Amino acid sequence: MSINLQNEWATFWATLGLDRRLEDEYYTIIATHMSEAHRFYHNLAHVQALLLDYQNVLPLVRDPAAFQWKIWFHDLIYIPGAPDNERQSAEIARRLAREAGLGETFGADVFDGIMATKTHAASSEDDRLLVTLDLAILGASEERFDQYERQVASEFLTNPSISLEAYREGRLAWAQAFERREPIYPHSYGQEALEAPAHANLKRSIARLEQNIVIQL
């Protein structure tokens with residue numbers, strides 16, 4: 001299943017009741033950033049996947065407007081290996097929310113939610129659900145998880161300052177840390193449906209990386 005993202009954005013914008021003159025401007029900002037050449041996973045397809053998952057969990061969401069804003073903007077800035085992608089994305093998302101007239105409380109919530117996708121520690125139910133959806137790929141089918149692994153490796157290896165061995169070591173540490181987590185998912189939705197396959201996928205990834213195998217596109 002797929003959705004037309006520009007139409008989805010227009011529908012979302014209409015529900016917010018904001019200045020129509022900003023609608024295309026904001027979508028262009030999102031589409032331009034998310035279509036950068038180095039993005040193989042953190043792109044518009046990722047936004048689409050999260051929006052589809054959002055539709056499935058809508059009854060669990062307490063603030064649909066803020067939740068969707070977080071989905072659209074959470075990976076706006078993405079430079080592989082950079083430590084502040086989420087913070088930059090969160091700051092832009094908050095600023096644009098304020099400029100659109102959504103208010104300080106909305107902007108602060110958006111900022112906190114996007115930062116939670118970095119720390120994976122969330123203080124609200126909505127943000128625990130957001131982090132869970134963002135990590136849902138870990139519990140995907142083996143085929144889809146392996147495609148994700150290839151996509152992320154290819155993103156990082158576009159950065160000339162990151163060697164193949166440095167990537168392997170970093171990815172191994174990341175996978176080991178996640179596999180040790182109990183639970184991986186902060187929301188019960190993920191714990192019930194995704195926990196077991198996520199652990200299995202991460203164990204497969206760890207085994208590959210320990211054998212010095214990095215799969216790429």
Side-chain angles (χ1 to χ4, degrees), residues 33-34 36-43 45-47 49-50 53 70-71 74-91 111-123 127-217:
H33 281 282
M34 301 297 287
E36 292 165 333
H38 64 267
R39 294 178 184 250
F40 298 99
Y41 176 76
H42 297 89
N43 52 26
H46 177 50
V47 173
L50 285 179
D53 285 345
K70 295 167 193 176
I71 287 175
H74 79 286
D75 280 328
L76 189 72
I77 302 302
Y78 180 67
I79 299 172
D84 60 346
N85 289 320
E86 291 85 359
R87 177 166 292 279
Q88 288 194 58
S89 298
E91 288 173 348
F111 181 90
D112 290 345
I114 294 176
M115 288 304 297
T117 66
K118 175 179 178 63
T119 64
H120 306 113
S123 59
D127 289 346
R128 282 189 280 273
L129 184 56
L130 176 69
V131 171
T132 292
L133 296 189
D134 198 35
L135 295 175
I137 189 65
L138 302 182
S141 68
E142 289 187 5
E143 179 181 7
R144 179 63 189 98
F145 176 82
D146 287 352
Q147 181 187 29
Y148 153 75
E149 289 270 89
R150 291 185 177 93
Q151 290 169 327
V152 171
S154 297
E155 286 181 335
F156 271 81
L157 294 173
T158 63
N159 186 335
S161 68
I162 300 175
S163 68
L164 182 62
E165 178 58 16
Y167 173 77
R168 187 196 68 81
E169 291 178 354
R171 188 68 176 179
L172 177 59
W174 176 91
Q176 289 171 331
F178 262 95
E179 204 284 316
R180 286 193 296 266
R181 291 179 60 169
E182 291 287 353
I184 291 172
Y185 294 100
H187 195 280
S188 58
Y189 172 80
Q191 293 165 15
E192 293 165 4
L194 300 168
E195 195 76 20
H199 279 287
N201 280 329
L202 287 165
K203 286 176 180 175
R204 289 191 307 107
S205 178
I206 290 166
R208 272 196 301 256
L209 292 164
E210 287 179 336
Q211 296 173 52
N212 295 320
I213 299 171
V214 175
I215 56 175
Q216 303 176 51
L217 292 174

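Because the structure is a prediction, the values reported are computed rather than measured.
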side-chain contact (heavy atoms from CB on, under 4.5 Å), that's the test. Do Gln151 and Leu217 meet it? Break it down for me.
CA-CA 6 Å; Gln151 290 169 327; Leu217 292 174; 4.2 Å; yes
side-chain contact (heavy atoms from CB on, under 4.5 Å), that's the test. Do Ile215 and Ile213 meet it? Break it down for me.
CA-CA 6 Å; Ile215 56 175; Ile213 299 171; 4.2 Å; yes
Starting from the C-alpha separation in whole Å, work towards a yes-or-no answer on ring-ring contact (aromatic ring centres under 6.0 Å, His included) for His74 and His46.
CA-CA 11 Å; His74 79 286; His46 177 50; 5.2 Å; yes
Show, in sequence, the C-alpha distance, side-chain angles and deciding distance for Phe178 and His120, and conclude whether the ring-ring contact (aromatic ring centres under 6.0 Å, His included) test is met.
CA-CA 10 Å; Phe178 262 95; His120 306 113; 5.1 Å; yes
Start with the C-alpha distance between Tyr78 and Glu36, add both sets of side-chain angles, then the distance that settles side-chain hydrogen bond (donor to acceptor under 3.5 Å, both in side chains), and finish with yes or no.
CA-CA 9 Å; Tyr78 180 67; Glu36 292 165 333; over 6 Å; no
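One N or O on the side chain of Lys118 and one on the backbone of Pro83 form a donor-acceptor pair closer than 3.5 Å. A donor-acceptor contact shorter than 3.5 Å is absent between the side chain of Glu142 and the backbone of Asn201. Put simply, the side chain of Arg128 gets close to the backbone of Ala122: a donor and an acceptor are under 3.5 Å apart.
Nearest heavy-atom pair across Ile77 and Asn85 is O-CB, 3.4 Å. The two residues Phe156 and Gly81 make their nearest non-hydrogen contact at CE2-N, 3.4 Å. Taking every heavy atom of both residues into account, Leu133 and Asp53 meet most closely at CD2-CB, 4.0 Å. The shortest heavy-atom contact between Tyr185 and Gln191 is O-NE2, 2.7 Å. In terms of heavy atoms, Arg208 sits closest to Asp146 at NH2-OD1, 3.1 Å. When all heavy atoms of Thr158 and Pro80 are compared, the pair lying nearest together is OG1-CG, 4.3 Å.
We find the OG-CE distance between Ser89 and Met115 to be 9.5 Å, quoted to the nearest 0.5 Å. Considering OG1 of Thr132 and CG of Asp127, their distance stands at 10.5 Å, rounded to 0.5 Å. Ile184 contributes atom CD1, which lies 8.5 Å from atom CG of Leu135 (distance to the nearest 0.5 angstrom). Expressed to the nearest 0.5 Å, how far CD1 of Ile114 lies from CG of Leu130 amounts to 8.0 Å. Note that NE2 of His38 and CG of Asn43 are 10.0 Å apart. Values are rounded to the nearest 0.5 Å. A distance of 5.5 Å separates CG of Leu202 from CG of Leu138, quoted to the nearest 0.5 Å.
In this structure, the side chains of Leu164 and Arg168 stay at 4.5 Å or more apart for every pair of heavy atoms. Using a 4.5 Å cut-off on side-chain heavy atoms (C-beta onward), Phe40 and Arg150 make no contact. Using a 4.5 Å heavy-atom cutoff, the side chains of Gln88 and Leu76 are not in contact. Proximity of Ser154 to Gln216: side-chain heavy atoms (C-beta onward) are separated by under 4.5 Å at one or more points. Counting heavy atoms from C-beta outward, Pro197 and Phe145 have side chains that stay 4.5 Å or more apart. Looking at heavy atoms from C-beta onward, His187 lies out of side-chain contact with Val131 at the 4.5 angstrom threshold.
Looking at Glu179, Arg180, Arg181 one by one, the single match for side chain to side chain donor-acceptor pair (under 3.5 Å) with His199 turns out to be Glu179.
Salt bridge absent: Arg39 and Asp75 never bring a charged side-chain N and a carboxylate O closer than 4.0 Å.
The aromatic rings of Tyr148 and Tyr41 sit perpendicular to each other, their planes meeting at more than 60°, with 30° as the lower class boundary.
For Glu143, the CD atom sits in a loose shell: 12 or fewer heavy atoms of surrounding residues, nucleotides or ligands are nearer than 6.0 Å.
Side-chain polar atoms of Gln147 and Arg144 form a donor-acceptor pair below 3.5 angstrom.
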